[in-house]
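Since the structure comes first, as structure tokens, the remarks are kept for the end.
It should be emphasised that the depicted structure is a prediction, and the values quoted were computed from it without experimental measurement. All chains are named by letter (A, B, ...) in the order of the sequence lines, taking the proteins before the strands, and each is independently numbered beginning at 1.
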There are 2 protein chains.
Amino acid sequence: MSRISPKRALFEQFASVAKAVAHPLRLEILEQLAQGERSVEVLADRTRVSVANASQHLQHMRRAGLVTARRAGKFVFYRMADDGVLELLAALRRTAEARSAEVERVVRNYFHDRDALDAVSRVELVERLRSGTVTVLDVRPRDEFALGHLPGALNIPASELERHLAELDPIREIVAYCRGPYCVLSYEAVALLRARGFKVRRLEDGLPEWRGAGLPVEASGPP
Amino acid sequence: MSRISPKRALFEQFASVAKAVAHPLRLEILEQLAQGERSVEVLADRTRVSVANASQHLQHMRRAGLVTARRAGKFVFYRMADDGVLELLAALRRTAEARSAEVERVVRNYFHDRDALDAVSRVELVERLRSGTVTVLDVRPRDEFALGHLPGALNIPASELERHLAELDPIREIVAYCRGPYCVLSYEAVALLRARGFKVRRLEDGLPEWRGAGLPVEASGPP
DNA sequence: ACATCATTCAATAAATTCATTGAATGATGG
DNA sequence: CCATCATTCAATGAATTTATTGAATGATGT
């Protein structure tokens, strides 16, 4: 009898996109995909869930159009559909940040207190890069670095940082970055390096935002 | 034993915000609230659901911090927490629009075909208002108009438009607007008025976006 | 105090989402 | 063609979400 109203049909579509990002694991997977494409196994590994489970979540997001899949031999590589998804995630973060005291509490306890929270903005870093007065330090794992990184960045994964301090010039100021605004790696790196007397600050967000802003990215290509 | 990781805790917060917008009815309620504050009964009425049901959805969104409630006598008025929520909704729309063929189909069938889709942008309308060469027509219900509308706008609800054509100057160009980019009212109004020989176009989106852009809004106050 | 009205709460049943398990598919390399 | 490996599928049960119903709460006006 009564057909569904066009307005309701639209809202249903919008809701299904929202549902696709309404699960903590899917958000974590998306943070990974924001760095570059990834196979199902790698994603399952990084997020510490079973392969079957990761696969299901990935398909959920594929149905919603948030990610796309590409088959290469035995592997299926997923990637973020486009930068619009990054914007949606950023809007989600901002809303959560502004509205939930819980988010602030977590952020304060685990992130900001480790740091003087004087992060470097993208535009400031662009300036400093032009004048060549900073070392840019990428503290993500090597494979993520290989898929794309800030121009001229040095890659020392956070887990190996302590053993590779010799590679850093103790005079030049360092700017560290990682996956995004809520990635712990760069916070940890800053804390460690400051304790060793280095002059170091964090980039306010990570590689995906840098790329999303249309700034240049270097890639080493797959090894 | 193992505490929840801070990263997971954050993603859980983000996901709960996403969940709060992941239901078609809640999105419809939010579209209403974008116009201004509303009592539970009015919202239930507009969205054609039971009062208890509307109340539950409202509380869900209140817990997520998307809306706030204010008691006035017997009534409880809900309102959107702030403009950040509008941004989240806009990002959701854009993502859905870009990624789902279904959205495009619905939009094309029910909206664009009725219209030459040459909508007027906000900046263009600001220009035209300055030079005083257009009549701005608000086709939303009277109560929504009373809560806030574009400066100098004329209010003729879409349902009464046919009976009030005499109030419109047949010479001047008309720009019609309503609740937002997916509100049918202005599409219907444009179709009706064009059929009657008026020169009329739609504003690309509605009052909430106008207000969100920091442009001036007139209010009649409650009657 | 009492009746009324808007809203919320509590309980229930139906529907949906989720993680897990083990089997099926599809490509690769001997 | 067979064995292997990455991924997907299908089936299950547990957990969560949702709409409905009727009762409880809280404010108002008589």
Find the distance [X]:[atom1] to [N]:[atom2] and express it as a whole number of Å.
| X | N | atom1 | atom2 | value |
| --- | --- | --- | --- | --- |
| B/H57 | D/dT18 | NE2 | P | 6 Å |
| B/R63 | C/dC9 | CZ | P | 9 Å |
| B/H60 | D/dT16 | NE2 | C1' | 11 Å |
| A/N53 | D/dA14 | CG | C1' | 14 Å |

Count the heavy atoms of every other residue, nucleotide or ligand shown that sit under 6.0 Å from CD of A/E162, and state whether that count exceeds 12. no

Salt bridge check: are A/E144 and A/R38 linked by an N-O gap of less than 4.0 Å? yes

Answer yes or no: is there an ion pair linking A/R46 with A/D143, defined by an N-O contact shorter than 4.0 Å? yes

For A/A22 and A/A72, take the nucleotide of DNA chain C holding the closest heavy atom to each; which residue's nucleotide lies nearer the 5' end? A/A22

Could you pick out which residue, A/G73 or A/V49, lies toward the 5' side of DNA chain C when each is mapped onto its nearest nucleotide? A/V49

Do the ring planes of B/F11 and B/F14 sit parallel (below 30°), tilted (30 to 60°) or perpendicular (above 60°)? perpendicular

Quick check on C/dA19: is either OP1 or OP2 less than 4.0 Å from any side-chain nitrogen or oxygen of A/H23? yes

For B/H23, check ring pair (Phe, Tyr, Trp, His ring centres under 6.0 Å) against everything at least two apart and list the hits. B/H57

Watson-Crick and G-U pairing of DNA chain C written in dot-bracket, each distance under 3.5 angstrom, with | for inter-strand partners: ||||||||||||||||||||||||||||||

Could you encode protein contacts along nucleotides 1-8 of chain C as a string, one character per nucleotide from 5' to 3', using B for base contact, S for sugar-phosphate-only contact and - for no contact, with a heavy-atom cut-off of under 4.0 Å? ----BSSB

Partners meeting salt bridge (charged side-chain N to carboxylate O under 4.0 Å, His left out) with A/R142 (sequence neighbours left out): A/E160

Can you tell me which residue pairs pass the side-chain hydrogen bond (donor to acceptor under 3.5 Å, both in side chains) test with a partner in residues 63-74 of chain B, sequence neighbours excluded? B/E37-B/R70

Throw together a table of side-chain donor-acceptor distances under 3.5 angstrom for residues 152-159 of chain B, partners on residues two or more places apart or in other chains.
{"residue": "B/N155", "atom": "ND2", "partner": "B/D138", "partner atom": "O", "Å": "2.9"}
{"residue": "B/N155", "atom": "ND2", "partner": "B/R140", "partner atom": "O", "Å": "3.0"}

